[in-house]
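Below, chains carry the letters A, B, ... as their sequence lines are ordered, and counting in each starts from 1. Because the structure is predicted, anything quoted here is derived from the model rather than measured.
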There are 2 protein chains.
Amino acid sequence: MKKQVENKKAALLQAALKLFTEKGFHGTSTAQISKEAGVATGTLFNYFPTKEHLINDLYFEVKEELSSRMGQDVQIQKTYREKLRKMWYNLVEWGIENQEKFHFVGQFCSSPSITSHTREVVMEEYVFFHDLVMEGLANGELGDYPAEMITTMFYQSSRTIVDYILYSEPQDRDRAIENGFQVVWSGLTRNNLLF
Amino acid sequence: MKKQVENKKAALLQAALKLFTEKGFHGTSTAQISKEAGVATGTLFNYFPTKEHLINDLYFEVKEELSSRMGQDVQIQKTYREKLRKMWYNLVEWGIENQEKFHFVGQFCSSPSITSHTREVVMEEYVFFHDLVMEGLANGELGDYPAEMITTMFYQSSRTIVDYILYSEPQDRDRAIENGFQVVWSGLTRNNLLF
DNA sequence: GCTGGAATTGACTATTTAGTCATTTATGTA
DNA sequence: TACATAAATGACTAAATAGTCAATTCCAGC
């Protein structure tokens, strides 16, 4: 019985991911989600008390998966540049492999359907990223910019590159990912102020 | 009478801008828009045959305003760097001065509520930007990246900085804008490949 | 002040919505 | 097999929706 339960819950989350990403939160009815998941309309409410709870649970799950992937094998890198580069690859590759989740996050990260509570809980999963930036500022590798600005630029640039790869479809994806990192690295580090 | 007509149309567009940005397209009812604009529910449909027409007209108008501002005084700059820098300031300052329009564009640029026709018409207003990037590639100032990647990175970085300024509220906004340009310039130009 | 046509109105409709709940089905245990 | 409990169902409801349209208001020119 436990098995079946998890199946249905997962099916509902997957259906919600697809439909919310395609048509938005208000553009998707709970009936559509249930149908896509292959369950009755009432079943959705056995797992999620409201539509809002559903999207918040989904958002949390996806962001958690991303943060987990983002930090993978970062600390085993030798140089600071290699650590940042590893994180860049983790981010971009996850985005390419998980288009739907990637677009979902981008669409709902500042949506009023996501509660501030969810946002706070999710934020905690990303402290290691903030810490890595602080490390770079402390050791002088990163330029003298506010930490907040650096984290934002790094993260949003990764989003830009994923979108670029998915939408403009360059022949050589790996090249595009590496180019993206070059731009970000030379932009955010300190040792290039020829001007 | 003509005056009154234009007033109501403008009021409807302004109300739609506010509500769509706050609550999204499907999250906003036509009745809410009419109420916010101070007109009867039927009046909206005198100016816009459907809700879709309304948001498309609005999107077009806002994007046109942005493109117009973006190109202002760019050609009178002497160096290539100064041209790009002027464009950067135009973009970021417009975003800060027009928060609602700025967030509206960000939210709906890839929304299915905006038709591909609207998107195509809007695109034409931005050829001058693409041309400026081509110029930089030709004269060797920009790094050897695909033009599409450069335009995207430049534009998205401006969005990132506007968001950073509006959300993180740094004490010195002008400093933040200039920092943002430094990051983008050193990231996208060729003369910094110390690596 | 009168008149004709355009602009404005809001009550109205057919449809869709999130969420409920009494009933039915499935499952583990003995 | 029989029982107890948890899960699944879908018809149902009250509220909200985009868009219509007959009636009203407005105003320029006479």
Practice problem: Summarise protein proximity over nucleotides 14-21 of chain D in one line of letters, 5' to 3': B for base, S for sugar-phosphate only, - for none, counting protein heavy atoms closer than 4.0 Å. | Solution: ---SBBB-
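Rounded to whole Å, the distance from CG on Asn7(B) to P on dA7(C) is 14 Å. Look at CZ on Phe48(A): it is 18 Å from C1' on dT20(C), rounded to the nearest Å. In this structure, the CG atom of Leu44(B) is 14 Å from the C1' atom of dG10(C), given to the nearest Å. Atom C1' of nucleotide dG10(C) and atom NZ of Lys35(B) are separated by 14 Å, given to the nearest angstrom. Rounded to whole Å, the distance from CD1 on Ile33(A) to P on dG10(D) is 17 Å.
Linking Ile, Leu, Val, Met, Phe, Trp and Tyr residues whenever their side-chain heavy atoms come within less than 4.5 Å places Trp88(A) and Phe128(A) in a single cluster.
Residues satisfying the ring pair (Phe, Tyr, Trp, His ring centres under 6.0 Å) test with Phe129(A), not counting sequence neighbours, are Phe154(A). With sequence neighbours excluded, the residues forming a salt bridge (charged side-chain N to carboxylate O under 4.0 Å, His left out) with Arg69(B) are Glu97(B), listed by chain and number. Residues satisfying the ring pair (Phe, Tyr, Trp, His ring centres under 6.0 Å) criterion with Phe45(A), sequence neighbours excluded, are absent altogether.
Annotation: cation-pi geometry satisfied between Arg81(B) and Trp185(B) (NZ/CZ under 6.0 angstrom from ring centroid, within 45° of ring axis).
Close to dA7(C), at under 4.0 Å from its OP1 or OP2, lies no side-chain N or O of Tyr47(B).
Between the side chains of His117(B) and Asn56(B), no donor-acceptor pair is found at a separation under 3.5 Å.
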All N/O donor-acceptor pairs, side-chain side in residues 15-27 of chain A, below 3.5 Å, sequence neighbours left out:
unit_1   : atom_1 : unit_2   : atom_2 : d
Lys18(A) : NZ     : Glu36(A) : OE2    : 3.4
Thr21(A) : OG1    : Leu17(A) : O      : 2.5

Output a table of nitrogen or oxygen pairs between the protein and nucleotides 13-15 of chain C separated by less than 3.5 Å.
none

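Checked for salt-bridge contact, Glu65(A) and Lys101(A) meet the test: a charged N lies under 4.0 Å from a carboxylate O.
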